[in-house]
Amino acid sequence: MPKLTINGMEIEVEPGTSILQAAEQLGVEVPRFCYHDRLSVPANCRMCLVEVEGGPPKPVASCAMACGDDMVVHTDSEMAQKARKGVMEFQLINHPLDCPICDQGGECDLQDQAVAFGFDRSRYHESKNAVKNKNIGPLIKTVMTRCIQCTRCVRFGDEIAGMTELGLLHRGENVEIDTFVEKSISSELSGNMIDICPVGALTSSPYAFKARAWELTKTETIDVHDAVGSNIRVDSRGGEVMRVLPRLHEDVNEEWINDKTRFAYDGLKRNRLDRPWVRGEDGKLKEASWDDAFAAIAKKYKKKKKDKIAALAGDLVDVESVVALKDFLGTDNLECRIDGAQFDVSERGGYIFNSGIAGIEDADAILLVDTNPRHEGTLVNTRIRKKWLRDRVKIGVIGQAADLTYPYEHLGTSPQDLEKLIKAKGGFADVLKKAKNPMLIIGTGAFQRNDGAAVQYLAREAADKFSMVTKDWNGFNVLHNAASRVGALDVGFYSKDGFDLSKMSFVYLLGADDFNPEQISKKAFVVYQGHHGDVGAHRADVILPGAAYTEKDALYVNTEGRVQQARRAVYPPGEAREDWKILRALSEHAGKALPYDSQLQLRDRIAKEWAHLGKIDTLPSSGWKKFGKKDKLLGDDFKLPVEHFYLTNCIARSSHTMAECTKSFSKADTAISHAEAAE
């Protein structure tokens, strides 16, 4: 391992470590524009120049120079400082210097480094070169005159997102970043280009001119738009969420988030429920006080037998509210799988992502069954692409063909094709047999069928057949797309034997919107508790306004089974309250007061019965026992569960930005399909 000296400090590093990386390990700041930890090294901005004793008689780019034994490096010598000032002068030749009106102000790398490492005057007085702004969709605002051609956005698209729309065109002084064919950037990860742009060339279009960085209150929390549980930072001002940014978590989302997570926040202030409503004798909903709403529910609840009471939990609810509702109702007619999924939940290992999302990087063969991870868990798809780029891992797909941003072998479209794979002796079956750490990822769409439990059993057979589960490796993975699903299953919010919703006379909908309300009898008394006036609220007799994920402290369990904590960034609007508090107050009106008065007491109650839910941000291990049901398989082809990526829940459906994305990208898809048909 090479040992070198940087600014008089000795350090020993791994072979292949660059001087810039070694300096970072010592806490020495080296400026850079084009270099990024997770992207390839182009060494084209030259801002990271340092002096190496005994090396070339000129400064060297520290991002591209590997450390060598006995190397002596100076990052702040007169030569290095003069070189950086010269580079900064060149960077600013054509920059418009419009800092007062730039959205990047206060968070701009160019601004910061010009002050710290630049020269205090310019020798250039010629006219600045202007570049036309690009239309790359409704999410990203471009001011291309500010671009310094660091190519971070191009490399991100090519290496992380798997899109090749952007490139560096022309040569010399005419060089510019542009799309090869004028169209929107249709990647679900495009918003990350805003974060990695070191200048204000790419900024958030929905956030443009809304706030300055120093005005915002920053809250670290968790995303609920899918089951990945991406770590995010919510920036708010007053009572409004102004923007959502990614937060580093190496084992979950690294430092990326998808565009729905980033831009759907405007849906938090539209179609909101901010006061209770009770349906009167004339059949119309009318505003009511909390006491009147609770009295109306308690009156009906007390008259009903337990076997006529049912509850459904939606895709965005937290663990505390699910437990509080279960404790209050005391019925067995509970269900969190409102999408109709049928699978055995007796063993935790049968419904979680056992290897962990980061475990994808250890797999050497991957089988995807009825899942499009681009839409169901975008950051899972990003990990698969990362693994494919690094090791060219073999990937097989059973289900609908889709653009997954990496090549794969399409093995069929039905459960019978999975059966054939298990019995096969060559082809992809041979790839799985020879793999040391083979992995299976099955989507919830495979369970949204009448033979869902049989498909689960078949998937487990495949895991056994191809030795996907060993002492040190569990490659059986279920990819959920609902943030609440694993947590609700963990606490037993499901029916073991099933129940007929149409025969229930009292139905409690806890944030349940993504189901067919016609399943409920017209005579049933329906309570809806949630934060948006979506499908469930339209059917309700009493509506109780709850809090969205940015408005409460809560626990969520992601698809890996990892417990994560969301924190309140803003307060709920109007008279809306946190869900568990509503249930606690309702239980008292119903004469069945729940035995906890604070969230801490509720969490203690949860941890006592389900110990693993008391361990925050740890990846649990699950046993490997029999699950699923050996039964006849239907001949129907698999269908993907997510039809419209930008409209998967009530928050996204209330978002103007998500509606614009759906409109814009569906047009682009139609144009592409027409062009392909013409060819």
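Because only heavy atoms are used, hydrogens play no part in the values below, and waters and symmetry mates are left out as well, while side chains stay in.
Remark: side-chain polar atoms of N558 are not paired, donor with acceptor, to backbone N or O of Y556 under 3.5 angstrom. Within the 3.5 Å criterion, the main-chain N or O of A446 finds a donor-acceptor partner in the side chain of D370. With hydrogens and angles ignored, the 3.5 Å screen pairs no side-chain donor or acceptor of N354 with any backbone N or O of S622. Remark: the backbone N or O of A161 is not paired with any side-chain donor or acceptor of T382 at under 3.5 angstrom.
T378 and N381 share no donor-acceptor pair across their side chains, judged by distance under 3.5 Å alone.
Ion pairing between a basic and an acidic side chain is recognised when a charged N comes within 4.0 Å of a carboxylate O; R485 and D339 show such pairing. Ion pairing between K465 and E419 fails under the 4.0 Å rule for side-chain N and carboxylate O. Salt-bridge annotation for K260 and E188: absent, with no side-chain N of the basic residue lying under 4.0 Å from a carboxylate O of the acidic one. The pair D490-R348 counts as a salt bridge, with a side-chain nitrogen and a carboxylate oxygen less than 4.0 angstrom apart. With respect to the salt-bridge test (charged N to carboxylate O, under 4.0 angstrom), the residues K626 and E347 do not qualify. Salt bridge D472/K436: absent, no basic N to carboxylate O contact under 4.0 Å. In summary, D636 and R449 do not engage in a salt bridge, as defined by a charged side-chain N under 4.0 Å from a carboxylate O. A salt bridge links K386 with E361; the closest basic N to acidic carboxylate O contact falls under 4.0 Å. With salt bridges taken as basic N to acidic carboxylate O contacts below 4.0 Å, none links D344 and K629.
Both the sub-6.0 Å distance and the 45° axial angle are satisfied by R460 relative to the ring of W624.
Paired with H249 under the rule side-chain contact (heavy atoms from CB on, under 4.5 Å), one option of E254, R562, E255 passes, and it is R562.
Between H480 and Y351, the angle of the ring planes goes over 60°, which puts this pair in the perpendicular group of the 30/60° scheme.
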